[in-house]
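Working notes, structure below.
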Amino acid sequence: MTVVTRFAPSPTGFLHIGGARTALFNWLFARRHGGEFKLRIEDTDRKRSTQPAIDAIIDGLKWLELECDGEPVFQFSRMERHAEIAHAMVAAGHAYPCYATTEELAEMRAASEAEGKRFQYDGRWRDQPQSAAPAGVRPAIRLKAPETGQTVIDDLVQGRVTVENAELDDMVLLRADGTPTYMLAVVVDDHDMGVTHVIRGDDHLNNAFRQAQVFHAMGWDLPAFAHIPLIHGADGAKLSKRHGALGVDAYRDMGFLPAAIRNYLLRLGWSHGDMEFFTTEEAIRLFDLADVNRAPSRFDMIKLESVNSHYMREADAETLLPENFALVEAEIGRPLSEVERQRMTDGLPSLQSRAKTRIDLKTGSLIYVDGGPKALAPKAAALLQTAEAQSALEAGATALAAIGAAQWDAAAIEAALRDAAEAEGLKLGKLAQPLRAALTGSDASPSLFEVAAILGPVETLARIRKAQAQQAPVPSY
RNA sequence: GGCCCCAUCGUCUAGCGGUCAGGACGUCGGCCUCUCACGCCGAAAACACGGGUUCGAUUCCCGUUGGGGUCACCA
């Protein structure tokens, strides 16, 4: 039997981080077993389902590189099939029409609340003959659930979970308007799609019992269930927007890499010994539901950043550069010249090891734009404001100007600057920091020698002269 | 509140009866060093509590406490 998993979000919002992890686990499990990973859009709630949400889910999965097998199934389009099953269940005596009015239901709810118990339908139409049906009222169809005994789920993550059938009431399968409820639709779709493993958030664990009853009533094979713990916010409460339960598009915009997000999500609630980093191949080979933790875990943005910076360092130029050019161009509001692109390409290794995110990389790349960063960072401005700094700039400029254009490289620049520092009786840092401020507009950057080498003699000298012109020395006392 | 689930450093976790309770992120020192990162070295930091079972419990059982989930003609 081939493994079939599915990711079944309702399109009422973006693809958030928890959903992304659920999708990842489903995808990994399917790939691990050479099976299929399907997407089902649960859009039966017409009021809340939107096309933008559907797009966000599909785009999000695509960005995360979790490709689905086959076309997505839209649950709403299968409404007739769901209704057909509901009626078959009535015919088989596993379900029955219920004519209880909204008012009666409200009374039942009030009554159970008064007793301090949860709401349970009292089954008043369960054994009524057809003749008792009031004229002109369309009934809802309810499951004739077992009243005694227990329903058991052997969950792949949670273990054996048992609930007394007396705890479960006769739930609605088909609404009075003929539309299916989620409980019915899920079961019918999972069965029809051949889903073998239902891997989802454990907020659905309670639903699994009710769904199992429908499977049993229909005589269908029960899929295996794996209810994975939810992701919580830093404060331990259910993850909300406030905590970073943003759409995956937001993480993309913050400059995170899909591989990093996948790796972070994989290690949230799952582990394989002490391993922290997994290639996609390793993740597929090693993923096992038995290693999924049963406790909820907290979302930690700092750790995500750390994982991302690891992937930033590992990434090759091909995955980093094109998008980086686009980000820089958006920042400066014009296309990059070939020279500028070449500088950023040459400077990439040093830049990427300093970047936690693509945004950091973009910001760092600005030193290679003609003229350098627009504004001088406060600390850099301070570095330039002393008379010593001005003489250091002058000494540096003189030393650099003496290097022939043909000999202009990092090694020659380093040698010239070290010599100049020695001649001036300065520690290299005293000479380098003002120069760094002049060249990069910052007190922190990749190697000064490398930056100057990449910038070339003309741009390098121009930036130093500009810094000299702009910074009137402040007298020191 | 009923039902269900969960419980190791601040966080993510390893552990599957006998360990100096390991790793990662973060934090704090230090090294490297033209700055910042990287890298390296080191430090502080956890078995929620109470009963059992056992020669021996972080590990098995029960309870307490705490946390979470769920209780619709929403999904």
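- A donor N or O paired with an acceptor N or O is not found under 3.5 Å between the base of B:C73 and the side-chain atoms of A:Thr181.
- Judged by the 6.0 Å and 45° rule, A:Arg40 forms no cation-pi pair with A:Phe7.
- Out of B:C12, B:C5, B:A75, the shortest distance to the side chain of A:Leu205 is found at B:C5.
- For A:Ser297, a side-chain nitrogen or oxygen approaches OP1 or OP2 of B:U13 to under 4.0 Å.
- If you check residues 141-150 of chain A against RNA chain B, the residues with a heavy atom closer than 4.0 Å are A:Arg142, listed by number.
- Atom C1' of B:G15 sits at a distance of 49 Å from the matching atom of B:C73, rounded to the whole Å.
- Applying the 3.5 Å distance criterion, the base of B:C36 shares a donor-acceptor pair with the side chain of A:Arg354.
- For A:Gln51, the CD atom sits in a packed shell: over 12 heavy atoms of surrounding residues, nucleotides or ligands are nearer than 6.0 Å.
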So A:Tyr264 and A:Phe299, ring-ring contact (aromatic ring centres under 6.0 Å, His included) or not? Walk me through it.
CA-CA 10 Å; A:Tyr264 175 71; A:Phe299 183 80; 5.7 Å; yes
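- Side chains of A:Gln433 and A:Arg436: a donor-acceptor N/O pair is present below 3.5 angstrom, by distance only.
- Across all strands shown, B:A44 forms no Watson-Crick or G-U wobble pair with both key distances under 3.5 Å.
- Judged purely by atom type and a 3.5 angstrom limit, A:Arg358 has no side-chain atom pairing as donor or acceptor with the backbone of A:Gly255.
- Sequence order on RNA chain B of the closest nucleotides to A:Pro446 and A:Tyr99 puts A:Pro446 first from the 5' end.
- When each of A:Glu164 and A:Arg21 is assigned the nucleotide of RNA chain B with its nearest heavy atom, A:Glu164 is the one assigned upstream, toward the 5' end.
- Judged by atom type and distance alone, A:Arg294 does not reach the base of B:C5 through any side-chain donor-acceptor pair under 3.5 Å.
- Between A:Asn293 and B:A14 there is a side-chain N or O to OP1 or OP2 distance below 4.0 Å.
- Phosphate proximity of B:A14 to A:Ser271: present, with a side-chain N or O under 4.0 Å from OP1 or OP2.
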If you restrict it to nitrogen or oxygen atoms, what contacts under 3.5 Å exist between nucleotides 22-26 of chain B and the protein, and what is each distance?
from	atom 1	to	atom 2	distance (Å)
B:G22	N2	A:Asp274	OD1	2.8
B:G23	N2	A:Arg267	NH2	3.4
B:G23	N2	A:Glu276	OE2	3.0
B:A24	O4'	A:Glu276	OE2	3.0
B:A24	O2'	A:Lys303	NZ	3.4
B:A24	N3	A:Lys303	NZ	3.1
B:C25	O3'	A:Ser306	OG	3.4

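- A cation-pi arrangement, defined by a distance under 6.0 Å to the six-membered ring centre and an angle within 45 degrees of its axis, is absent between A:Arg124 and A:Tyr121.
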